[in-house]
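First listed ligand is number 1; within each ligand, the first listed atom is number 1.
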Amino acid sequence: MKVFKGQFTQQEAIPEPAIEQAVEVMRSGRLHRYNVVDGEASETSLLETEFAQYQGAKYCLACASGGYAMQVALASSGIKHGQPVLTNAFTLSPVPGAIHNVGGRPVLVETTDQLVIDLDDLEGKIDSSGARLLLLSHMRGHIADMGRLCDLLRAKEVSLIEDCAHTMGAKWNGQRSGSFGLAACFSSQTYKHINSGEGGFLTTDDPDLIARAVIRSGSYMLYDQHDAAPDHDVFVDIRLDNPNCSGRMDNLRAAILRPQLKILEDNRIRWNERYRLLEAQLSTVAGVTLPDRPNAEEYVGSSIQLFLNQMTTSQIQAVIASCRERGVELKWFGAEEPTGYTSRHDSWRYMDRQSLPNSDAILSKLLDMRVPLTFTLDDCRLIGEIIAESVSDVVAGEDSPEYLESVIQA
Ligand SMILES: *Cc1c(COP(=O)(O)O)cnc(C)c1O
């Protein structure tokens with residue numbers, strides 16, 4: 001029996017130039033972003049300028065996490081207590097959590113079988129909720145038809161904030177994910193596309209929004225040390241009207257990230273080699289369906305999703321168990337109990353219960369797998385074979401409840 005020995009949570013080492021720069025920062029003792037000597041731009045401010053440039057955005061704030069970036073973006077866009085905010089039903093818990101934490105009321109929108117936001121349901125819920133803002137999660141890197149989406153939002157006068165935790169480095173029709181709306185949020189947490197342990201970014205072209213975010217993030221009156229923020233006069237009232245809620249990035253993390261930004265495009269290519277290999281292999285397996293990747297979508301294949309549409313719940317559990325036994329970690333979005341990073345909308349009990357029958361049906365058949373860059377192409381080939389064999393075994397043993405039991409028990 002083939003067994004895979006790799007670790008699904010093992011990312012690559014931090015590149016040597018990043019380690020050297022981090023050591024420099026530690027030797028200097030100046031880890032706080034505002035601790036600079038005369039005429040010095042901090043690592044954090046330099047990173048903000050570079051990330052804004054990368055995104056083609058006017059302004060950037062580096063902060064403590066992707067979740068913090070979303071909260072400060074929502075608060076700085078003027079969300080008030082009790083206001084509805086639209087977001088995807090299929091996402092991870094920091095997204096509805098961010099809305100709730102700034103006092104907003106999440107209104108969940110259905111997902112399609114291509115794992116993107118359902119634009120018909122979105123239109124209906126804009127009308128029924130009266131929400132003026134969509135926090136769009138490009139969940140697992142799947143990008144909706146941004147042309148249609150933006151037309152709809154424009155017609156309905158709804159603003160867009162993009163959650164690009166899974167699309168840093170991705171594009172739609174040649175345009176960077178994160179450049180379609182009022183603002184965008186990114187994460188540099190270990191399992192995303194660049195790795196500083198924790199970290200996040202907010203980008204926007206709106207000078208007032210970024211100024212509010214800078215003050216809220218804990219700049220005190222040192223906001224002129226942000227090279228990727230607007231001039232002093234934008235801050236005159238904003239610095240007094242906005243409460244501090246510290247969530248700054250520090251120079252150590254910024255030093256680790258700057259060299260990684262330079263190799264993000266190379267890494268996108270490496271991720272996609274792995275993704276396409278797995279996709280080609282799994283798409284030939286009877287019983288497995290993969291989401292289409294539209295031509296307009298230039299994705300980053302750092303994870304792969306597969307549907308087992310014809311299988312029952314116990315068969316899906318048997319596939320997961322059989323893969324796990326052979327070293328392949330699959331996550332199931334249909335599980336009733338939240339596990340690891342994965343939870344369903346009905347586990348977010350702090351908010352109003354919402355009925356999302358289409359998303360529930362789609363997620364009940366959906367498996368998800370991380371593809372870290374530490375996996376070689378041969379590793380991916382082996383993983384593909386293990387999944388294919390596990391699915392075929394379960395399909396073949398269809399009439400045998402004993403087989404299902406034995407695998408689930410094992
Ligand atoms: C990871 C993640 C975030 C936020 O990331 P943190 O940096 O961990 O706060 C936001 N949205 C999605 C979909 C994520 O997976």
Check: Can you name the residues that come within less than 4.0 Å of ligand 1, going by heavy atoms only?
Finding: Ser65, Gly66, Gly67, Met70, Thr91, Leu92, Pro94, Val95, Ser137, Asp163, Ala165, His166, Ser187, Gln189, Lys192, Gly199
Margin query: Please determine whether a side-chain nitrogen of the Lys or Arg among Arg276 and Glu279 lies less than 4.0 Å from a carboxylate oxygen of the Asp or Glu.
Written below: no
Next item on the list: Classify the side-chain pair Glu162/His138 by whether it contains a donor and acceptor separated by less than 3.5 Å.
Entry: yes
Check: Side-chain donor-acceptor pair under 3.5 Å between Ser359 and Glu110, yes or no?
Finding: yes
I'd like to know if the side chain of [X] and the backbone of [Y] have a donor-acceptor N/O pair within less than 3.5 Å.
| X | Y | value |
| --- | --- | --- |
| Ser137 | Asp163 | no |
| Thr374 | Gln10 | yes |
| Asp250 | Leu252 | yes |

